[in-house]
Participant: 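So that we are looking at the same thing, I have put the structure below in structure tokens.
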Protein chains: 2
Amino acid sequence: MANHYDITEYKNPLFTVDSVLFTVQEGALKVLMVKRTSEPFAGRWGLPGGFVNVDIDDNVGMTALRKLKEKTSVAPQYLEQLQTYSGVNRDPRGFSVTLVYFALIAEAQVSTHIATVDDAKWIDLNKLTELPVAFDHKFIIEQAKERLKQKALYSMIPVYCLPEHFTVGQFKLVIETILGKPVQRKSIIRRIEAADMFEKVDEKVKSGGRLAQLYKVKPDVDIVNFERNLSV
Amino acid sequence: MANHYDITEYKNPLFTVDSVLFTVQEGALKVLMVKRTSEPFAGRWGLPGGFVNVDIDDNVGMTALRKLKEKTSVAPQYLEQLQTYSGVNRDPRGFSVTLVYFALIAEAQVSTHIATVDDAKWIDLNKLTELPVAFDHKFIIEQAKERLKQKALYSMIPVYCLPEHFTVGQFKLVIETILGKPVQRKSIIRRIEAADMFEKVDEKVKSGGRLAQLYKVKPDVDIVNFERNLSV
DNA sequence: TAAGTTAATGTCTTAATGACACAATAAATC
DNA sequence: GATTTATTGTGTCATTAAGACATTAACTTA
């Protein structure tokens, strides 16, 4: 079939891909933001992302990964689509569409790299109000946070904010940071056992008291969804 | 700020908006499909949708609604974003991105209109395999169905497949059709009461036995999500 | 050695659903 | 008109997974 489609026939909207990359650092939920160097909103902080490069991206998921790698040098441990945001007024250049991904990473994996660049920063979600943010990205981050909180209630995805080996105590802290509320250690242990996603590592680590058992995610497991929410 | 953005600078991907509109008809889950008149895939059946018209659509949600109204003459009772599908190979014209919405409507609201046009049809999901379908729309429909099944376990959105006034029996049938499994009438009644989304209509209808109480959705209510799934 | 700290387990309570019997009410049949 | 049948709606006990919290385990520090 001949390529008789002419892109100029349609006023195609401006299409970009952005990511909300979360991590938990010192008991605080943080999001990766980059300082914009070009218009619009030059000088303000925005989500890492950009335009699709149809020559090197096989799909828009790869665009999200590519842009994240540019800023963090590694791929996030978890990535899913959040939502698409669109409108005539959200970008001064005209009608725009942004597909936003939602990602998680262990802080230790990237902090050294982030520290070396000055155009990318982990922003504490509680200090987001003070930051000059581009576009509707503040709103988008809030929606991503709500999605993360919701998912933390019925799935184990918060584990993707942790390093390869982790303790129940660390897992508990990550979940509590996301939810903003304490959870029962017992509930987490019950779910770790029920999910069959994790295995004990033959090693224990110091924690100020009794040694803590290390766990890791089994290779190539599916993420388990529970039928019931934590009701903290 | 001057509009110094030149769209030709970037090879912008082809962007379309499609919708998976479900209804329940005679105990079967059906999806609205339209016969394509233009290339690619002319003659095959695809999801209702098309290009954004930046002159009349304020955002892409309006594009989805506009395209659905063209086919059904009414707006669906429920509409949410499903996901975005993209890739270099899904459309012969090149790299394409489709934002897919997921919608519900009461069969009675549209069946008369659908019956008068021959380029739009309700397709039984169990007979989808036989139909020549365009693009990756068969796959997309399956994913939408899974999302609907999942949501039916913890929310009351299946009510949006029902007319304004409905009985518990009708509600039960819709849920069972979506899930493909029987559910306890008692569980539905309990949730109707707990959700506080519904009110009794001062009217009962014949049903072959004892008269059935009619319910309706309260005006302007939020959709309630339960903390626990039905575990049929 | 005792006190303090964190980890892990045991167990009772709580909350929502599943299962199912039973009662209410209307239509069809004898 | 009484009886059967169908469907709606209620009552109640069992089941399941989480919450609450006491108890035990294991290590550190004074």
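All heavy atoms count here, side chains included; hydrogens, waters and symmetry mates do not. A, B, ... follow the sequence lines: proteins, then strands. Residue 1 opens every chain. Remember, it's a predicted structure, so these values are computed and weren't measured experimentally.
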Participant: Could you check how far CG of L230(A) sits from P of dA16(C), rounded to whole Å?
Facilitator: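 Checked: the CG to P distance equals 15 Å.
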Participant: Starting at atom CD1 of I192(B), determine the distance to atom P of dG9(D), rounded to an integer number of angstrom.
Facilitator: 9 Å
Participant: Identify whether any heavy atom of Q213(B) sits under 4.0 Å from a base atom; if not, whether one sits that close to sugar-phosphate; answer base, sugar-phosphate or nothing.
Facilitator: sugar-phosphate
Participant: Between protein and nucleotides 21-30 of chain C, map the contacts as a letter string: B base, S sugar-phosphate only, - none, heavy atoms under 4.0 Å, written 5' to 3'.
Facilitator: ---BBSS---
Participant: According to the interplanar angle, ranging from 0 to 90°, do the rings of F102(A) and F22(A) count as parallel (below 30°), tilted (30 to 60°) or perpendicular (above 60°)?
Facilitator: perpendicular
Participant: Applying side chain to side chain contact (heavy atoms under 4.5 Å, CB included) to I140(B) and F135(B), what does each step give before you reach the verdict?
Facilitator: CA-CA 9 Å; I140(B) 292 173; F135(B) 303 105; over 6 Å; no
Participant: Atom CD of E227(A) to atom P of dT15(D): distance rounded to whole Å?
Facilitator: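 Rounded to the whole Å, the gap is 18 Å.
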Participant: Walk me through it: do F198(A) and Y215(A) pass the test ring-ring contact (aromatic ring centres under 6.0 Å, His included)?
Facilitator: CA-CA 6 Å; F198(A) 310 99; Y215(A) 290 84; 7.3 Å; no
Participant: Take atom CD in E26(A); do more than 12 heavy atoms of anything else shown fall under 6.0 Å from it?
Facilitator: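 Check fails, neighbour count at 12 or below.
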Participant: Do any N or O atoms from the side chain of S86(B) and from the backbone of N59(A) form a donor-acceptor pair under 3.5 angstrom?
Facilitator: no
Participant: Under the side chain to side chain contact (heavy atoms under 4.5 Å, CB included) criterion, do R90(B) and T98(B) qualify, and how do the steps go?
Facilitator: CA-CA 10 Å; R90(B) 56 182 301 281; T98(B) 301; 3.0 Å; yes
Participant: Quick one: F166(A) CZ to dA7(C) P, roughly how many Å, whole number?
Facilitator: 14 Å
Participant: If you take any heavy atom closer than 4.0 Å to DNA chain C, which residues from residues 178-191 of chain B end up in contact?
Facilitator: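 Per residue number, the list reads Q184(B), K186(B), S187(B), R190(B), R191(B).
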Participant: In whole Å, I'd like the distance from the CZ atom of F226(B) to the C1' atom of dA17(D).
Facilitator: 18 Å
Participant: Quick check on DNA chain D: between T167(B) and R228(B), whose nearest nucleotide comes earlier from the 5' end?
Facilitator: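 Going by which nucleotide is closer to the 5' end, it is T167(B).
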Participant: Does S207(B) have a side-chain nitrogen or oxygen under 4.0 Å from the phosphate oxygens OP1 or OP2 of dA6(D)?
Facilitator: no
Participant: Does the side chain to side chain contact (heavy atoms under 4.5 Å, CB included) test come out yes or no for V183(A) and K172(A), once each step is laid out?
Facilitator: CA-CA 7 Å; V183(A) 298; K172(A) 178 170 183 285; 4.2 Å; yes
Participant: When the distance from OH of Y215(A) to P of dA7(C) is rounded to whole Å, what number comes out?
Facilitator: 12 Å
Participant: Within this structure, what is the CG-to-P distance between L153(A) and dA18(D), rounded to whole angstrom?
Facilitator: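 Value for this atom pair: 12 Å.
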Participant: Parallel, tilted or perpendicular: which one describes the rings of F171(B) and F166(B), with boundaries at 30° and 60°?
Facilitator: perpendicular
Participant: How about CG on D119(B), more than 12 heavy atoms from neighbouring residues, nucleotides or ligands closer than 6.0 Å, or not?
Facilitator: yes
Participant: What is the distance, to the nearest angstrom, from the CD atom on E193(A) to the C1' atom on dA7(C)?
Facilitator: 13 Å
